[in-house]
Amino acid sequence: MRVVIGGGSGFVGRELTRLLKSKGHEITIISRQPGPGKITWAEVESGGLPPCEGAVNLAGENIMNPLRRWNDSYKKDLVTSRVNTTRILAQAIAASPTPPLSWVLVTGVACYKPSLQTQYTEESEWTPFDFLSRLVKEWETAGQLPENSAKKTRQMIIRPGAVLGRDGGAMKQMLVPFWLGLGGTLGSGRQPFPWIHVSDLAGIIAHALEPKEEPPSTEPDVFNGVAPALNTNFEFTKELGRTLKRPTIFPVPGFFLDAFLGSERAVILTQGQKVVPKKTLESGFEFQYPNLTSALKEIVGY
């Protein structure tokens, strides 16, 4: 199978590329910079999609970049890097004389309103309520294919939680303070912490790309990209400390995170959603790392 991956040089993209190549698939990465095995977004926009059976979009500015101050310029970059690339790919798929069989867009669980009680599955209805949920709405709308194209190409949306792995994502910024014994809960610690190991997220995407016998639906199939374990931030903090054999006695107050990250961004850490991968499990996908113990042991090398 030939697969085109937007944002394939990022953290998740590297893992997905490695997995797909190990299965014998041929990968072309869409990137801002040209290079071997790559095409640029400008080339896709002007020349269309190269022949492929699968297309994935992982592109987007890092929302937790500690070097970027939370302001209108940064928020604009977050939106355009996701929505524009998604729209370019969707339009290229719709215009292709031989469109791919599968189109996978990876967004996020920020569409679900934070709650200590409500449990969300892929069937849960939601309405945008803040900047991040409006971003997900615009992002997913940009990926929607017109009806005539949707009859030829299966559309899928995967909504991951915090992506955990050794070489990037949330863990990259956490490991140093935890190693130093400075780790602690964020805010109250009671907030749900939906997470997934990067290998499992890549696995869900690869599973979604596989050809299906039934005809495509005109609406996207949604899969929650989260581990089946329902954990809180407190549980995650304690398990990471236990795995590293380090104390976790320095809680980070919510007001500090609001000041440091900006309140609209800090909600990712100080609030959370109970998200269940109901349809993901029903699709037959099997998690390699269904719980924190197995995931964190792999990540920190124990």
SB check R2 E26 (cutoff 4.0 Å):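 Between E26 and R2 there is no salt bridge, as every charged N stays at least 4.0 Å from the carboxylate O atoms.
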Lys/Arg N to Asp/Glu carboxylate O, E282 vs K278, below 4.0 Å: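 Yes, this pair counts.
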Main chain of [Y], side chain of [X]: is a donor-acceptor contact present, judged purely on distance under 3.5 Å?
| X | Y | answer |
| --- | --- | --- |
| T86 | A142 | no |
| Q273 | P114 | no |
| S133 | D130 | yes |
| W103 | G143 | yes |
| Q191 | L269 | yes |

Heavy-atom closest pair, residues P100 and T153: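 The answer is O-OG1, 2.6 Å.
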Centroid separation F131 to W70 less than 6.0 Å: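 For F131 and W70, the ring centres are under 6.0 Å apart.
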Ring center gap for Y289 and F287 short of 6.0 angstrom: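 No, ring centres 6.0 Å or more apart.
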Would you check if there is a donor-acceptor pair between the side chains of [Y] and [X] at a distance under 3.5 Å?
| X | Y | value |
| --- | --- | --- |
| E123 | T121 | yes |
| N57 | T85 | yes |
| E15 | S199 | yes |
| T293 | E239 | yes |
| H197 | Q288 | no |
| T218 | K151 | no |
| T185 | N233 | no |

Partner residues of C111 under the side-chain contact (heavy atoms from CB on, under 4.5 Å) criterion, sequence neighbours left out: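 Partners of C111 under the side-chain contact (heavy atoms from CB on, under 4.5 Å) test: W126, V136, R159.
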Aromatic ring pairing F178/F236, orientation class (parallel under 30°, perpendicular over 60°, tilted between):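 It falls in the perpendicular class, over 60°.
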Cluster check M171, V163: I/L/V/M/F/W/Y, side chain < 4.5 angstrom: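 No, no single cluster joins them.
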same_hphob_cluster(L58, L89) at 4.5 Å side-chain heavy-atom cutoff: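 Cluster IDs for L58 and L89 differ.
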Criterion side chain to side chain contact (heavy atoms under 4.5 Å, CB included) on L257 and V252, from CA distance to verdict: CA-CA 7 Å; L257 292 167; V252 182; 3.8 Å; yes
F234, CZ: over 12 other non-hydrogen atoms inside 6.0 angstrom: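 Not more than 12 within 6.0 Å, no.
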Flag if over 12 foreign heavy atoms under 6.0 Å of CD, E213: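 12 or below, so no.
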Residue among R68, R82, K76 satisfying salt bridge (Lys or Arg N to Asp or Glu O under 4.0 Å) with E61: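 Among the candidates, only R68 passes.
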